[in-house]
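Encoded as C-alpha cells, the structure appears first; notes follow it.
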Amino acid sequence: MTATIKINLSNIKKNWLYLNKLSKRSTETSAVIKANAYGLGAHEIASALWEVGSRSFFVATIEEAIHINKILPMSRKIYILNGYDIKYKKAFNELDLIPVINSPKQLTSFIEGNKNRSLCIQIDIGMNRLGFQLGQIHKYKNAFKNLNLDLVLGHLTTAKNPKNRFNKIQLNKFREAIINFPVTKKSLAASHGIFINDNYHFDLTRPGIALFGGIRNPNILDVVNIELPVLQTHFLKPGEGVGYGLTYVCKEKKKVATLAGGYADGLTRNFSNIGFLYHNKIPCPILGKISMDLVTVDISHLNQEPTKLTFVGQNQSINDLSDIAKTISHEILINFGNRFSRQYVN
Ligand SMILES: *Cc1c(COP(=O)(O)O)cnc(C)c1O
C-alpha cells in the first residue's frame, strides 16, 4: 500500500491566472518550474500552464529544460537560471534555450558557443548569490550591445516580508543597473515580490511557489492533497514507547495507527512528536520519531478505525507544515512523494 499525492491542476491554473491579474496587462507572467515543478511534475504542470496562457518558463538546469521542451510548442521561451555551459552548446542552439548569464566567465563561454542566440543577464542586487556586480555591468556594456539580449533579471532576498526595508534598497539598485539596458525587458519579482506592489513587477514576473499554494493569501488556492494508508493499529499499555529511541512514552492506555509514509516521502523528522495527521477534521498527533517509511499516530480519540489519514489537505496546508518544521513551503513541497502514487485532478 502506498500513499497518494493528488495534484490539483485546475487550482494551479487558477493561481497563475490570479497572479497574472495582479500585474498590468503589459507585464508578462511566466512560470518557474525548476526541480520538476517543485516536485509536482514538470510535464503536467507546463502543459496546464501553457493552456491558460503562460508562454515563458524558468528552470534551473539544461536537463530540466530538455525535459520540458518535449511537451511545449516551439513558440515557448525556456530560461535556464543556472546559466550557460558550453558542453551543451548544441542543445542550447537546437532547442533555442535562453541561458541566464550570471558572470563574466559565463558570458565569455556563451560568446564562444552561441553568440548569435538570445540570452538573459542576471544582475546581483545584493543577494550575493548569482549575477553580475554593478561594476561589471559597466565594464561589459559594449559586449552586451552586440548581443541579442532578451531579458535582464534581478532577484529579491527579503520579499517574503514586504515591509523589510531591504526590498526598497534592492529595487533602487535594480533601477540603477537597468539604465544600462534601455530597450531590454526587465524582471525582478518572484512569488513574494509580486505581492509587495506593482513597482516590483517590471515587464515579467517569475512566480514559482505561489502557483503551488505555498504562500498565504486568500486568493491563492491549495494544490496538494496527501493521504497515507493505515498499515496497522494496536493498543499501548501505560509506560510503553513508540519508534526509534522511544522518544514518546505513553502515560495511559492508547490506540495507535502506523501509516505508510516516512521521512523518505517528505514527512521530515522535524514533525516527530509535534506534527499531526488528520481524520477529517480531527487531528491525530504524531507519536515518537518518524521513520524512513513509517509514521505512528495517536488514534485513541477516534470513534472509528481509519483506513487512511490526511497529511496535507484542508486542515493542514504546506504553509502550516513549513511553520511546524521551521522551514519554507518550497522545501516542504520538494520533498514529497517520489514513491507516492500520483494523481492529477482537473
Ligand atoms: C526559484 C526562483 C524563482 C521562483 O521563486 P518562488 O519563491 O518559488 O516564486 C524566481 N526567480 C529565481 C531567480 C529563482 O531562483
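Count residues from 1 along the sequence. In listed order, ligands and their atoms are each counted from 1.
Taking the centre and axis of the six-membered ring of W50, the NZ or CZ atom of R76 falls outside the cone set by 45° and 6.0 Å.
In terms of protein heavy-atom proximity, atom 7 (O) of ligand 1 is nearest to H330 NE2, 2.9 Å. Given atom 2 (C) of ligand 1, the protein heavy atom at minimum distance is K34 NZ, 2.5 Å. Of all protein heavy atoms, the one lying nearest to atom 12 (C) of ligand 1 is H155 CE1, 3.4 Å. Closest protein heavy atom to atom 8 (O) of ligand 1: Y38 OH, 2.5 Å. Annotation: atom 11 (N) of ligand 1 to nearest protein heavy atom, R206 NE, 3.0 Å.
Using a 4.0 Å cut-off between charged nitrogen and carboxylate oxygen, E51 and K13 count as a salt-bridge pair.
By the criterion of a heavy-atom distance under 4.0 Å, neither the backbone nor the side chain of Q122 is placed next to ligand 1. Both the backbone and the side chain of I209 come within 4.0 Å of ligand 1, counting heavy atoms alone. Neither the backbone nor the side chain of F58 has any atom closer than 4.0 Å to an atom of ligand 1 (non-hydrogen atoms only). Looking at H192 against ligand 1, nothing comes within 4.0 Å, counting heavy atoms.
Atoms of ligand 1 lying under 4.0 Å from at least one heavy atom of S191, given by number and element, are 6 (P), 9 (O). Residue-ligand proximity, L81 to ligand 1, at heavy-atom distances under 4.0 Å covers atoms 13 (C), 14 (C), 15 (O).
Residues F132 and F144 bring their aromatic ring centres within 6.0 Å. F271 has its ring centre less than 6.0 Å from the ring centre of F311.
Heavy atoms of R129 approach ligand 1 to within less than 4.0 angstrom.
Here the shortest heavy-atom pairing between N167 and L156 reads O-CD2, 4.4 Å. In terms of heavy atoms, L19 sits closest to P207 at CD1-CB, 3.7 Å.
Note that CD of Q316 and CG of L321 are 4.0 Å apart. Values are rounded to the nearest 0.5 Å. Interatomic distance, L236 CG to K251 NZ, rounded to the nearest 0.5 Å: 13.5 Å.
Considering backbone and side-chain N/O of L153, none are found under 3.5 Å from N/O of ligand 1.
Around the NZ atom of K185, the shell of radius 6.0 Å holds no more than 12 heavy atoms that belong to other residues, nucleotides or ligands.
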